[in-house]
Chemist: 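One structure is given below, represented as C-alpha cells, and several questions about it will come after.
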Amino acid sequence: MLKISNTLTGKKEPFRSRGTAGKIKKVGMYVCGITVYDRCHLGHARSAVVFDVIRRYLEYKKYKVRYVKNFTDVDDKIILRAHKEGRLWIEVAETYIQAYHEDMARLGVPPADVEPRATEYIPEMIGLIQTLIKKKVAYVIDGNVYYRVKQFNGYGKLSKRDTEDLLAGARVEVDERKEDPLDFALWKASKPGEPTWESPWGPGRPGWHIECSAMSMALLGQTFDIHGGGKDLIFPHHENEIAQSEGATGKPFARYWVHNGFVNVNQEKMSKSLGNFFTIQEIFEKSPWPEAVTAEVLRYFLVSTQYRSPIDFSDEALKSAKAGLDNFYRMFQKLDEPVATASLPRGRKLRVALKAFPKRFEAAMDDDFNTALAVSEMQQLRAAVNAVLDQGLSRPLSQAVQKLFRKHGAVLGLFSFSIGQWTRTKETGTAISAADVEQRLKERDDARHRKDWARADAIREQLADAGIILEDRPDGTTRIRR
RNA sequence: GGCGGCGUACCCAAGUGGCUAAGGGAGCAGUCUGCAAAACUGCGAUUCGGCGGUUCAAUCCCGCCCGCCGCCUCCA
C-alpha cells in the first residue's frame, strides 16, 4: 500500500486515489511549474525529477495518471525582464518556455500530459473570481480584486500558520486599499505598458495564485488527488490556492499535498537572490560527460536522497553519483558478454534475490517514494549478481537480470543506456577508433603469449591514457572498457 | 518574533522502542591475477549533536539546550 506524506495533515497517509472508474484507478496530479522569466536551475530540476518519478511509480502501480504542470507566463518578473530587454513580455515568456522544454529534454523528463499556460485560462480565472465576489470572500477596489482572508476559516491549514502570527510577522508593505493586510490580490488593475485583459472590473491581469486554482480545477476537477511543488510554495502560494478554490467551491481542493525539499549549495538553499545557483544548462555544459550520461548522473544524484530532505549539490556529489552508476553499467557489460562455460547454472541465491527484489523495491517506493532505499535495494541485488557473475550466467538468467534492472531502473529514470552509449566519451572526435583498439589489443595478446610483460603493460597504459581500460579475464581474453 | 524541518561513520544516505544501526562512494587488508583492473571477502559508528525524563528497554517517544537550515516578500 502506497503511503504519501501529506503536508496538509502533516502525516504519512495511505494513498487512495479518488477516481476509481471501473477497474482503472485514476490519479489527477497538478504540479506548480515555473515562472518563465529566466533559465531553470538545479532546484527546478529536482522538482521536475521528483514529480516525474512519482508519476512513473504511479504508472508502474497501474494507475492511470493525468499529470498537469503549468507555466506562469504573466507575472511581475516577466514584465520587468521585458522592460529591461526592450522586448514584449510575451516574447520573454516564450523564450523561457522553450528553454524549459530544452532543459527537460536534456534531463530526460518527459512533458506532463497537459502543460497549460496561465494566459490560456483567463476566462476561467475571471469566472472563479466572480464566484468569490458573489460569495463575499472577495471584494473590488479601484479595478483590483482582493481575497478576504479572514472570511475563509481554513486559512493557514496547509502551512500551519494562524492569521494572528502572520500579522505579527508581516514584513510586506501593506497596500493601503486592502481591508486587511493579509488579503491578497486576485486581479490587478493594469498599469500602462502591462499585459491586459478585459474583465468585469476593468482592464487588468490576474494575481499569481488564481491561475493554479483555475487551471487545476478546469483540467482535473474541483477535487483532485495530488498537488505538488517545492517546499517554498507552501506559503503563501498553496495556502492561497486552497483559500481561493475551497472558498469558491465549498469542496476540498487537493487531497494530498506533496512538497519536495530544496537543493542546497554549502548547506544553503540554491536561489537567485543568493546567487549560488547553477542553471541546468551550465551543469550540462561544464560536465565532463556526454549530455545523456550527465542526465542520468543527475538523476542518480537526485534519487539517492528522499525527496523531502534537502540535498547538497557539489562536484564531489556528482562524481560519487557517477561512480555509483558506473558500477551498475560494469555489471551490465559483463551480463552482455557471451558465457564461456556451458555448464554451471549456479545461482540459487541469485534466483531468490531476483524473486524477492520487486517486492523490496515496491516496499521502498510505497513508503513515501523512498527512492534512496529503492536504489540501495538495487545495489544489493547488484552485489548478488556480481557474486556469481564470474562463473557465468546462463543466457536466459542473464537476460532476466538485465530486464529486472532496466524495468525498475526506468521508474527512477536510470539504466536507460546500452553499455556502448554509457561509455561514450564527450569528445568523440579524439577517441581511438574501434579498429585501432582491436589492433593494439592483438599486439598486446601476442606480447602476453610471449610473456613480454613490459610490452603488454605499455600497450595497456597507452590505451588507458586514451580512456580505454583493459581487463584481463581468467580465460585469457580481455574485456574492453571505456 | 511566529511556524516548520534537520543534526546517523571520512563523504553521501536509509532506518527502527528491544534482534548484527541498511546500502553506496572513498580508504585499508585479503582472495584472484604475470602485473593490473574488475569482482568477491574482511575491516571501519560499543554508537545515532548534548543533557535529562518516560520505559524492563530509546538513536527512535517527551522536555530542555547547542548547532544548522527553510518559510513568514518573489522563489522548485
Side-chain angles (χ1 to χ4, degrees), chain A residues 7 10 31-35 37-38 40-51 69 72 75-77 80 156 159-162 164-173 208 228-237 239 259-264 266-274 277 300-301 304-306 308-312 314 316-317 319-328 330-331 333-334 364 367 370-391 448 451-454 456-457 460-461 464 469-474 478-479 481:
Chain A
T7 308
V31 173
C32 288
I34 56 157
T35 300
Y37 74 104
D38 206 349
C40 291
H41 62 231
L42 231 207
H44 301 102
R46 184 179 195 192
S47 183
V49 166
V50 161
F51 290 101
K69 182 163 67 179
T72 298
D75 161 273
D76 291 349
K77 288 191 296 272
L80 189 71
S159 57
K160 317 285 183 258
R161 285 165 161 84
D162 70 50
E164 303 306 316
D165 296 338
L166 280 171
L167 261 182
R171 285 191 273 146
V172 211
E173 42 183 299
W208 174 36
K231 270 191 158 74
D232 45 5
L233 295 180
I234 296 171
F235 191 90
H237 185 54
E239 194 68 63
H259 292 99
N260 65 274
F262 300 130
V263 174
N264 290 169
N266 297 324
Q267 324 275 354
E268 276 183 323
K269 179 184 174 185
M270 181 182 287
S271 72
K272 295 263 164 171
S273 46
L274 283 167
F277 61 92
Y300 192 85
F301 163 69
S304 292
T305 298
Q306 215 278 342
R308 276 180 295 115
S309 307
I311 186 169
D312 217 73
S314 64
E316 200 197 346
K319 277 190 196 124
S320 177
K322 174 65 161 57
L325 270 175
D326 279 337
N327 285 339
F328 282 101
R330 269 201 299 275
M331 176 191 67
Q333 178 172 12
K334 291 179 187 173
D367 187 10
N370 194 336
T371 53
L373 190 57
V375 168
S376 111
E377 294 294 351
M378 296 203 260
Q379 291 165 340
Q380 288 174 73
L381 183 61
R382 180 185 69 204
V385 172
N386 278 333
V388 294
L389 202 46
D390 284 344
Q391 296 139 53
R448 288 179 73 209
K451 296 203 192 292
D452 182 356
W453 308 125
D457 291 352
R460 186 169 59 197
E461 268 170 48
I469 311 294
L470 299 184
E471 294 176 4
D472 297 329
R473 299 191 189 87
T478 300
R479 172 184 300 127
R481 281 205 300 119

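Below, chains carry the letters A, B, ... as their sequence lines are ordered, and counting in each starts from 1. Values below: all heavy atoms of this structure, side chains included; hydrogens, waters and symmetry mates excluded.
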Chemist: Give one of base, sugar-phosphate or nothing for A:Gly261, where a contact means two heavy atoms less than 4.0 Å apart.
Modeler: base

Chemist: For A:Gly43 and for A:Lys334, locate the closest nucleotide of RNA chain B by heavy-atom distance; then report the residue assigned to the nucleotide nearer the 5' terminus.
Modeler: A:Lys334

Chemist: Taking atom P in both B:C3 and B:U46, what distance in whole Å separates the two?
Modeler: 37 Å

Chemist: Which one is paired to B:G18, where only Watson-Crick or G-U wobble pairs with both distances under 3.5 angstrom count?
Modeler: B:C56

Chemist: What's the closest nucleotide to the side chain of A:Phe262 if the choices are B:A14, B:G70, B:C71?
Modeler: B:G70

Chemist: Which one, B:G25, B:A14, B:C35, comes nearest to the side chain of A:Ser320?
Modeler: B:G25

Chemist: Quick one: A:Leu381 CG to B:C40 P, roughly how many Å, whole number?
Modeler: 12 Å

Chemist: Can you tell me, in whole Å, how much space there is between the P of B:C11 and that of B:A76?
Modeler: 32 Å

Chemist: Please determine, for the side chain of A:Arg330, which listed nucleotide (B:A14, B:A39, B:C69) has the closest atom?
Modeler: B:A39

Chemist: Describe the nucleic acid contact of A:Lys231 in one word from base, sugar-phosphate, nothing, applying a heavy-atom distance below 4.0 Å.
Modeler: nothing

Chemist: How far, in whole Å, is B:U54 from B:C69 if one measures between their P atoms?
Modeler: 34 Å

Chemist: Expressed in whole Å, how much space separates the P atoms belonging to B:G23 and B:A58?
Modeler: 25 Å

Chemist: Roughly how far apart, to the nearest Å, are B:C32 and B:U20 at atom C1'?
Modeler: 28 Å

Chemist: Between B:G23, B:A38, B:A76, spot the one nearest the side chain of A:Gln379, thanks.
Modeler: B:G23

Chemist: Examine B:A13: is either OP1 or OP2 under 4.0 Å from a nitrogen or oxygen in the side chain of A:Thr305? Give yes or no.
Modeler: yes

Chemist: Under 3.5 Å for both donor-acceptor distances, Watson-Crick or wobble: does B:G7 have a partner, and if so which one?
Modeler: B:C66

Chemist: For B:G25 and A:Lys322 - does any side-chain N or O of the residue sit under 4.0 Å from the phosphate oxygens OP1/OP2?
Modeler: no

Chemist: Could you tell me whether the side chain of A:Ser320 and the main chain of A:Glu316 form a donor-acceptor pair under 3.5 Å?
Modeler: no

Chemist: Could you tell me the separation between the CD atom of A:Glu268 and the P atom of B:C71, rounded to a whole number of Å?
Modeler: 10 Å

Chemist: Just checking A:Asp312: base, sugar-phosphate only, or nothing, at a heavy-atom cut-off of under 4.0 Å?
Modeler: nothing

Chemist: With rounding to the nearest 0.5 Å, note down the distance linking CG in A:Leu233 to CG in A:Asn260.
Modeler: 8.5 Å

Chemist: Taking the side chain as everything from C-beta on, heavy atoms only, tell me whether A:Arg330 gets closer than 4.5 Å to A:Ile469.
Modeler: no

Chemist: Whether the side chain of A:Asp390 and the base of B:C32 hold a donor-acceptor pair under 3.5 Å is what I'd like checked.
Modeler: no

Chemist: Working to the nearest 0.5 angstrom, can you tell me the gap between A:Lys322 NZ and A:Asp326 CG?
Modeler: 3.5 Å

Chemist: Searching all strands shown, indicate the nucleotide that pairs with B:A45 (Watson-Crick or G-U wobble; both distances under 3.5 Å).
Modeler: none

Chemist: A:Lys231 side chain to A:Arg308 main-chain N or O, any donor-acceptor pair under 3.5 Å?
Modeler: yes

Chemist: Starting at CG of A:Asp326 and ending at P of B:G24, how long is that distance when rounded to a whole Å?
Modeler: 16 Å

Chemist: Consider the side chain of A:Gln306, meaning its heavy atoms from C-beta on, and name the nucleotide among B:A14, B:A39, B:A76 that approaches it most closely.
Modeler: B:A14

Chemist: Can you tell me how far P in B:G53 sits from the matching atom in B:C60, rounded to whole Å?
Modeler: 14 Å

Chemist: Once you apply a heavy-atom cut-off of 4.0 Å, does A:Leu389 come out as touching a base, just sugar-phosphate, or nothing?
Modeler: nothing

Chemist: Under 4.0 Å, counting only non-hydrogen atoms across every strand here, what does A:Gln267 touch: a base, just sugar-phosphate, or nothing?
Modeler: sugar-phosphate

Chemist: Starting from P on B:U73, measure out to NZ on A:Lys269 and report it in whole angstrom.
Modeler: 13 Å

Chemist: Under 4.0 angstrom, heavy atoms only, what part of the nucleic acid is A:His237 near: base, sugar-phosphate, or nothing?
Modeler: nothing

Chemist: For A:Ser273, answer base if it contacts any base atom (sugar-phosphate contacts may also be present), sugar-phosphate if it contacts only those atoms, and nothing otherwise; contact means non-hydrogen atoms under 4.0 Å.
Modeler: nothing

Chemist: Just checking A:Val263: base, sugar-phosphate only, or nothing, at a heavy-atom cut-off of under 4.0 Å?
Modeler: base

Chemist: For A:Arg448, answer base if it contacts any base atom (sugar-phosphate contacts may also be present), sugar-phosphate if it contacts only those atoms, and nothing otherwise; contact means non-hydrogen atoms under 4.0 Å.
Modeler: base

Chemist: Roughly how many Å is it from CD in A:Glu471 to P in B:C35, rounded to a whole number?
Modeler: 16 Å

Chemist: Check every strand shown and say whether A:Met331 touches a base, only sugar-phosphate, or nothing at a heavy-atom separation below 4.0 Å.
Modeler: nothing

Chemist: Supply the atom-to-atom distance A:Tyr37 OH to A:Lys272 NZ, rounded to the nearest 0.5 angstrom.
Modeler: 5.0 Å

Chemist: For A:Asn264 and B:G7, what is the distance between atoms CG and C1' respectively, to the nearest whole Å?
Modeler: 14 Å

Chemist: For B:G30, what is the paired nucleotide under Watson-Crick or G-U wobble rules, both distances under 3.5 Å?
Modeler: B:C40

Chemist: Mind checking A:Asn386 for me? I need base, sugar-phosphate or nothing, with any heavy atom below 4.0 Å counting as a touch.
Modeler: sugar-phosphate

Chemist: Which listed nucleotide (B:C71, B:G34, B:G23) is nearest to the side chain of A:Arg161?
Modeler: B:C71

Chemist: Looking at B:G34 and A:Trp453: do their rings stack (centroid distance under 5.5 Å, interplanar angle under 30°)?
Modeler: yes

Chemist: Do the side chain of A:Lys160 and the main chain of A:Thr7 share a donor and acceptor less than 3.5 angstrom apart?
Modeler: yes

Chemist: Mind checking who B:G23 pairs with, Watson-Crick or G-U wobble, both distances under 3.5 Å?
Modeler: B:C12

Chemist: When we call it a touch if two heavy atoms are under 4.0 Å apart, what does A:Gly229 touch: a base, just sugar-phosphate, or nothing?
Modeler: sugar-phosphate

Chemist: Report the nucleotide, chosen from B:A76, B:G25, B:C35, that has the shortest atom-to-atom distance to any side-chain atom of A:Ser47.
Modeler: B:A76

Chemist: Please give the distance between the C1' atoms of B:G49 and B:G5 as a whole number of Å.
Modeler: 16 Å

Chemist: Taking the side chain of A:Arg460 as its heavy atoms from C-beta onward, which of B:A76, B:A39, B:A36 lies nearest to it?
Modeler: B:A36

Chemist: Compare the minimum distances between each of B:A14, B:G25, B:C71 and the side chain of A:Asn327, then state the nucleotide with the smallest one.
Modeler: B:G25

Chemist: With rounding to the nearest 0.5 Å, note down the distance linking NE2 in A:His237 to OG in A:Ser159.
Modeler: 13.0 Å

Chemist: Expressed in angstrom and rounded to an integer, what is the separation of A:Leu274 atom CG from B:A76 atom P?
Modeler: 14 Å

Chemist: Nearest whole angstrom, please: distance from the P of B:A39 to the CD of A:Gln333.
Modeler: 11 Å

Chemist: Indicate, with a heavy-atom threshold strictly under 4.0 Å, whether A:Lys451 touches base, sugar-phosphate, or nothing.
Modeler: nothing

Chemist: In whole Å, measure the gap between the P atoms of B:C62 and B:G17 for me.
Modeler: 13 Å

Chemist: Of A:Arg479 and A:Asp232, whose nearest nucleotide on RNA chain B comes first from the 5' end?
Modeler: A:Arg479

Chemist: Can you tell me which nucleotide in B:A37, B:G24, B:A76 comes closest to the side chain of A:Ile34?
Modeler: B:A76

Chemist: Watson-Crick or G-U wobble partner for B:C71, using a 3.5 Å limit on both distances?
Modeler: B:G2

Chemist: Ignoring hydrogens and angles, tell me if any N or O in the side chain of A:Gln306 forms a donor-acceptor pair with the backbone of A:Asn370 under 3.5 Å.
Modeler: no

Chemist: Contact class for A:Ala383 vs. all strands (heavy atom < 4.0 Å): base, sugar-phosphate, or nothing?
Modeler: sugar-phosphate

Chemist: Any donor-acceptor pair under 3.5 Å linking the side chain of A:Arg479 with the backbone of A:Arg473?
Modeler: no

